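Counting starts at 1 for both ligands and their atoms, following the listed order. As a basis for the values below, the full set of heavy atoms in this structure was taken, side chains included, without hydrogen atoms, waters or symmetry mates. In this text the structure is predicted, and so the values were computed from the model without any measurement.
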Amino acid sequence: MGETQKALVYRKPGDYGLDDVPVPKIVESGDCIGKVTLSTICGSDIHIVHGGMADVRYPIVVGHEFCAEIVETGPEVKRLKVGDKVVTSCVAFCGECWYCKQGLYAHCTTPRYGCFGVYGQEGCQTTYVLMPGADNYAYNIPDGLTEQDVLFTGDILSTGYFGAENADIKINDVVAVVGAGPVGMCCMATTKLWGPSQVIAVDTVQSRLDVCVKEGIADIGLNPLEVNVPEVIREMTGGRGADKTIECVGAKPTFDLALEIVRGGGNMSTIGVFEKPVDLPLDKIWAKNIKLGWGFVPMNKMPELINLIAKGKLNTNFLCTHKAPLNDIMRGYDIFGNKKENCLKWLVTPWEK
Ligand SMILES: [Zn+2]
Ligand SMILES: [Zn+2]
């Protein structure tokens with residue numbers, strides 16, 4: 001019997017909890033062991049533990065957004081050293097296959113790699129994590145920044161940025177972001193980098209819209225329960241609609257709304273995680289001449305995002321509404337998963353009692 005550690009385990013669809021699992025050991029010469037210094041629950045973890053995401057292997061330790069201290073390195077690790085404090089990509093990748101050479105890291109085809117806690121290695125909602133080929137995707141946290149400052153670059157901030165990038169925003173565009181959850185908020189924060197004239201946040205949770213406006217990531221919040229969103233946006237834009245819309249939920253009603261509010265010839269991008277197939281109104285998409293961009297993040301913009309944070313141009317600390325030790329993580333799944341207590345992100349600190 002080797003040593004064990006506590007971890008949040010997805011046992012089977014709908015069944016998850018804190019279990020004892022083996023402490024990982026280095027397997028190949030390019031591997032590192034990371035001691036988790038800060039992690040978090042992602043919206044996709046909620047989909048995973050409820051069995052809503054296809055192809056997730058189980059049992060598996062859940063979690064893919066984390067910072068770590070490197071505590072052991074294999075003999076062929078070149079860049080990282082023991083003691084390094086890093087933030088890691090949610091996707092571990094080899095850096096050598098055809099997809100990795102194109103920078104499409106999330107499509108890495110080398111079998112050991114993939115998203116932590118989903119279909120790759122065991123995840124981070126624990127204390128020690130095996131990080132294969134960590135030289136490729138674990139970035140040193142710059143001096144003067146904390147784990148919390150950079151934590152989201154490994155997943156939701158990269159995802160939000162990807163959504164904005166795919167919308168191809170031009171200076172002075174009016175951009176509507178449908179869905180003001182943590183990913184939507186990251187998308188709004190990065191949308192601002194392109195210099196739009198207005199960012200419109202759309203969500204049915206008023207408290208989240210209020211956060212967007214208060215934090216300056218949106219100029220206005222529109223609640224479909226209160227106003228006719230397409231009508232208000234048309235009034236704001238000379239009858240046309242938003243130049244670009246970004247859908248950050250992954251459901252039919254939000255997809256349709258984002259399509260309804262984009263102007264003719266505009267762009268629509270979607271980064272929401274769809275749990276099931278959705279009928280696409282291709283007739284409307286054709287008739288409006290909409291360019292679509294979508295998919296999950298290739299994870300190739302972390303260095304740029306870390307740099308923007310270091311320069312003070314991007315700040316996501318307002319998302320950190322809750323923070324508790326690993327032992328309390330089931331409470332985190334309830335509070336974050338069910339959007340209680342105005343929770344935006346639940347941070348996990350493994351080393352506090
Ligand atoms: Zn995620
Ligand atoms: Zn690869």
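Considering just the N/O/S atoms of Asp155, the one nearest the Zn ion (ligand 1) carries the name OD2.
Rounded to 10°, the angle formed at the Zn ion (ligand 2) by Cys108 SG and Cys97 SG is 110°. Of the angles at the Zn ion (ligand 1), the one spanning SG of Cys42 and OG of Ser44 is 80° when given to 10°.
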For this session: Tell me, with the steps shown, if Phe93 and Tyr113 meet ring pair (Phe, Tyr, Trp, His ring centres under 6.0 Å).
Result: CA-CA 5 Å; Phe93 51 87; Tyr113 297 85; 8.0 Å; no

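Between Arg263 and Asp173, none of the side-chain N atoms (NZ, or NE/NH1/NH2) sits under 4.0 Å from a carboxylate O, so this pair counts as no salt bridge. One finds a salt bridge joining Lys170 and Asp168 here, because a Lys/Arg side-chain nitrogen approaches an Asp/Glu carboxylate oxygen to under 4.0 Å.
Among the backbone and side-chain atoms of Cys90, none of the N, O or S atoms lies under 2.8 Å from the Zn ion (ligand 1). The nearest N, O or S atom of His107 is not closer to the Zn ion (ligand 2) than 2.8 Å.
In this pair, Tyr161 and Trp194 present their aromatic rings tilted. The plane angle is within the 30 to 60° band.
Between Tyr16 and Tyr58, a ring centre-to-centre spacing not shorter than 6.0 Å is recorded.
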